Amino acid sequence: MNYWLMKSEPNEFSIDDLERKTTEPWDGVRNYQARNMMRDQMQLDDQIFFYHSNCDVPGIVGRMTVVKTAYPDPTAFDPNDAHYDPKSDPEKPRWYLVDVGFVEKFSRTISLAELKQHSALSDMSLVKKGNRLSVMPVTPTQWQFILNLLSS
DNA sequence: GCCAACGTTGGC
DNA sequence: GCCAACGTTGGC
């Protein structure tokens with residue numbers, strides 16, 4: 001079992017959207033590092049923090065799981081889709097995604113500002129300057145530490 | 001294979 | 001809206 005954090009802009013897709021829909025294909029990722037983690041490492045039932053980026057209070061807002069392991073991202077083949085990539089050949093797909101399932105929305109947002117205050121989390125690339133990865137691994141220790149912040 | 005130019009991300 | 005950081009592209 002692995003732990004992850006995935007970012008989404010709430011304008012585009014929020015934790016509330018996921019709660020309403022229950023599951024969702026995490027499409028549109030066009031970054032090789034992020035793709036590799038989804039395609040090569042994510043397993044069924046892996047745990048994922050849902051992170052809201054590019055909004056008033058960026059931070060972790062809830063929890064989800066992998067409900068379907070990697071398969072080719074269909075939006076890459078759709079010329080009408082905002083994430084269309086003509087270089088992704090259906091015979092040899094360039095982009096992959098996983099399906100995620102809603103677990104819970106946290107009682108509060110664990111903001112980026114709060115996460116940055118804890119030295120226990122200083123190794124997370126999330127809190128490092130210039131980080132732009134939209135999918136990143138979380139260690140079991142970090143995972144538990146962050147969950148504990150909810151009850152403090 | 002280098003690297004400048006460009007586009008995107010995302011906090012502030 | 002600004003801009004720093006970073007990834008990607010493409011000329012050479």
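Values in this document were obtained by computation on a predicted structure and should not be read as measured data.
A perpendicular orientation is assigned to the rings of A:Phe106 and A:Phe49, their planes being inclined by more than 60° (bins at 30° and 60°).
Taking atom CG of residue A:Asn11 and atom P of nucleotide B:dG10, one finds them 13 Å apart after rounding to whole Å. Rounded to a whole Å, the CH2 atom of A:Trp95 is 7 Å from the P atom of C:dT8. As rounded to whole Å, 10 Å separates atom P of B:dT9 from atom CG of A:Asn31. Residue A:Arg94 contributes atom CZ, which lies 17 Å from atom P of C:dG7 at whole-angstrom precision. Put simply, CG on A:Asn131 is 18 Å from P on C:dA4, counting in whole angstrom units. One interatomic measurement links the two molecules: CD of A:Glu9 to C1' of B:dT8, which rounds to 10 Å at whole-angstrom precision. Between A:Tyr32 atom OH and B:dT8 atom P there is a gap of 15 Å when expressed in whole angstrom units. Put simply, CG on A:Asn36 is 14 Å from C1' on C:dG7, counting in whole angstrom units.
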Start with the C-alpha gap between A:Trp4 and A:Asp46, add the side-chain angles, then the distance that decides, and say whether side-chain hydrogen bond (donor to acceptor under 3.5 Å, both in side chains) holds.
CA-CA 8 Å; A:Trp4 306 96; A:Asp46 275 4; 2.9 Å; yes
Give the intermediate values and the outcome of side chain to side chain contact (heavy atoms under 4.5 Å, CB included) for residues A:Gln47 and A:Tyr3.
CA-CA 5 Å; A:Gln47 303 287 303; A:Tyr3 300 97; 3.6 Å; yes
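A:Leu112 is listed as a side-chain neighbour of A:Leu126, based on a closest heavy-atom distance under 4.5 Å. Side-chain contact check for A:Leu149 versus A:Leu115: some heavy-atom pair is nearer than 4.5 Å.
Heavy atoms of A:Lys128 sit nowhere under 4.0 angstrom from any nucleic acid atom.
Of the candidates A:Asp73, A:Asp85, A:Thr75, A:Trp95 forms a side chain to side chain donor-acceptor pair (under 3.5 Å) with just one, namely A:Asp85.
With sequence neighbours left out, A:Tyr84 forms a side-chain hydrogen bond (donor to acceptor under 3.5 Å, both in side chains) with no residue at all.
For A:Lys7, the side-chain atoms get nearest to B:dG10 when compared with the rest of B:dG11, C:dG7, B:dG10.
The pair A:Arg20-A:Asp17 meets the salt-bridge criterion, since a charged nitrogen lies less than 4.0 angstrom from a carboxylate oxygen. Electrostatic pairing of A:Lys105 and A:Glu19 does not count as a salt bridge here, judged by no charged N lying under 4.0 Å from a carboxylate O.
Of the residues in residues 46-61 of chain A, those with a non-hydrogen atom less than 4.0 angstrom from any atom of DNA chain B are A:Tyr51, A:Ser53, A:Asn54, A:Pro58. Within residues 73-90 of chain A, no residue has a heavy atom under 4.0 Å from DNA chain B.
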